[in-house]
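Below is one structure; the comments refer to it alone.
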Number of protein chains: 2
Amino acid sequence: MLFHFRNIFPQLNPYWDKYLPFQKRLEIPPKTILLDEGKVSENYFFIEKGCVRLYFNNNGSDNTVQFFFENEGLTSLDSFLNNTPSAFSIETIEPSVIYQLPKKHVNKLMEELNNEPGFTKMMMQVMSTRQTHYINEFVSIIRDTPEQRYQNLLNNKPHIIQRVPQHYIASYLGVSTVHLSRIKSKLAKGKLHF
Amino acid sequence: MLFHFRNIFPQLNPYWDKYLPFQKRLEIPPKTILLDEGKVSENYFFIEKGCVRLYFNNNGSDNTVQFFFENEGLTSLDSFLNNTPSAFSIETIEPSVIYQLPKKHVNKLMEELNNEPGFTKMMMQVMSTRQTHYINEFVSIIRDTPEQRYQNLLNNKPHIIQRVPQHYIASYLGVSTVHLSRIKSKLAKGKLHF
DNA sequence: TTGGGACGATAACATATGTTATCAAGTTCA
DNA sequence: TGAACTTGATAACATATGTTATCGTCCCAA
């Protein structure tokens, strides 16, 4: 949400640079938990190398909300802003290199940015982009069948399918691993006709 | 999103009052469309009396995203802010009295508010509340069965069930009217045992 | 006043999806 | 190298949900 916007709003780059030294570099294996559902989000994460997912528990199994890759930043926003227990967990999928910036520094950065003209506009743009993203996911889950959602993923974000183990894809699409296998097999058969 | 906050941030009330004369009062029957999916959202609506729903089309049938009642305001936010085609339609459910404020006035109001200290913070709070709401809906649709979602509605927002025709409830829960009938009948039978 | 439309319940059937179990291939690590 | 784990495919069965059709009630407008 913040370091995303390095180079997108170049006049703000000095601010990002000033805070780089406060980040902690983590080299961590797959399935390392960065934030545990129910805890308050205390850090902002930025991915240098690897791959991470945001997910929530669902009677023992889990559902993935979003995947994150190199040069993307994330946190559990609601928890981070409002100090409420996070509805989501965050964990690595691959061996990863993560930069971790504690909340107190982010807050300080935000205060400094408040004096920068255009900051409100930028924040509204950022928040509105996020909101649009969630709304689209929301609509897609209701409107599209799992098969259509898989096709969308194939068309729009093939790197996710190539890179992420299939059971995480299933948990992202909201179906069982068995059913995702069925979908793939059905699509494969369909293609043979052409 | 705006007039919601009358009296919640009292120091801003003069601003709201200043813009009240620009609103147009509409007295309209049920099923009146206030915004059509695909069009750009040009107005902010405030409900004096009646009931309205935000929904999107889904191969001929439709899904309701949210219901709005007296003293609530709404628009299709993404479309309103970014001048993009709205993903949603808005229509009345009951005979309603609606105040309609054109976008140019809202924009002017926003510019004036920019000079008010605390405005950025308020906007972030507003946006983050909205986002939390969508995230919760999103999680609920994935995690909860339609039956659980109906129970949640009964427990948390019984006024909706009392007031809104059942087929809209079904379209909100994301099930067919037939299945919602099944759910109700099942719950009714369950209750007889006690 | 009446006839059509809106609303809701229910049955019968079709389809989508979950669950459990089994098998196979690839990877990791002691 | 071999055991344990991860990943993925598939079959068989169970359950959830959609679709279509029918019926009854209520209400409003011609």
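Residue numbering restarts at 1 for every chain, and letters A, B, ... go by the order of the sequence lines.
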In whole Å, I'd like the distance from the [atom1] atom of [X] to the [atom2] atom of [N].
X: B:Tyr168; N: C:dG8; atom1: OH; atom2: C1'; answer: 14 Å
X: A:Ile141; N: C:dT17; atom1: CD1; atom2: P; answer: 13 Å
X: A:Leu173; N: C:dG18; atom1: CG; atom2: P; answer: 10 Å
X: B:Arg149; N: D:dT17; atom1: CZ; atom2: P; answer: 11 Å
X: A:His179; N: D:dA9; atom1: NE2; atom2: P; answer: 14 Å
X: B:Leu180; N: D:dT19; atom1: CG; atom2: P; answer: 15 Å
X: B:Leu187; N: C:dG8; atom1: CG; atom2: C1'; answer: 16 Å
X: A:Asn58; N: C:dG18; atom1: CG; atom2: C1'; answer: 13 Å

Taking 4.0 Å as the cut-off, does a side-chain nitrogen or oxygen of [X] come that near to OP1 or OP2 on [N]?
X: A:Gln166; N: D:dA9; value: yes
X: A:Lys184; N: D:dA9; value: yes
X: B:His167; N: C:dA6; value: no

Of the listed nucleotides ([options]), which one gets closest to any side-chain atom of [X]?
X: B:Ser176; options: C:dC7, C:dA9, D:dG18; result: D:dG18
X: A:Val178; options: D:dT19, C:dT20, C:dA9; result: C:dT20
X: A:Pro165; options: D:dT6, D:dG18, D:dG8; result: D:dG8
X: B:Arg182; options: D:dT19, C:dC7, D:dA12; result: D:dT19
X: A:Pro146; options: C:dG8, C:dT17, D:dT10; result: C:dT17

Six-ring centre of B:Tyr44, B:Lys103 cation under 6.0 angstrom, axis tolerance 45° |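 That pair does not qualify as a cation-pi contact.
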Is the charged tip of A:Arg53 near the ring of A:Phe88: under 6.0 Å from the six-membered ring centre and within 45° of its axis?
-> no
Answer yes when A:Lys104 and A:Glu42 have at least one side-chain N-carboxylate O distance shorter than 4.0 Å, and no when they do not.
->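 No, this pair does not count.
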Verify whether one side chain among A:Glu37 and A:Asn57 offers a donor that lies under 3.5 Å from an acceptor in the other.
->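 Looking only at side-chain atoms, A:Asn57 and A:Glu37 do not form any donor-acceptor pair under 3.5 Å.
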Test salt bridge (charged side-chain N to carboxylate O under 4.0 Å, His left out) applied to A:Lys49 and A:Glu94, A:Glu72, A:Glu70, the passing residue | A:Glu70
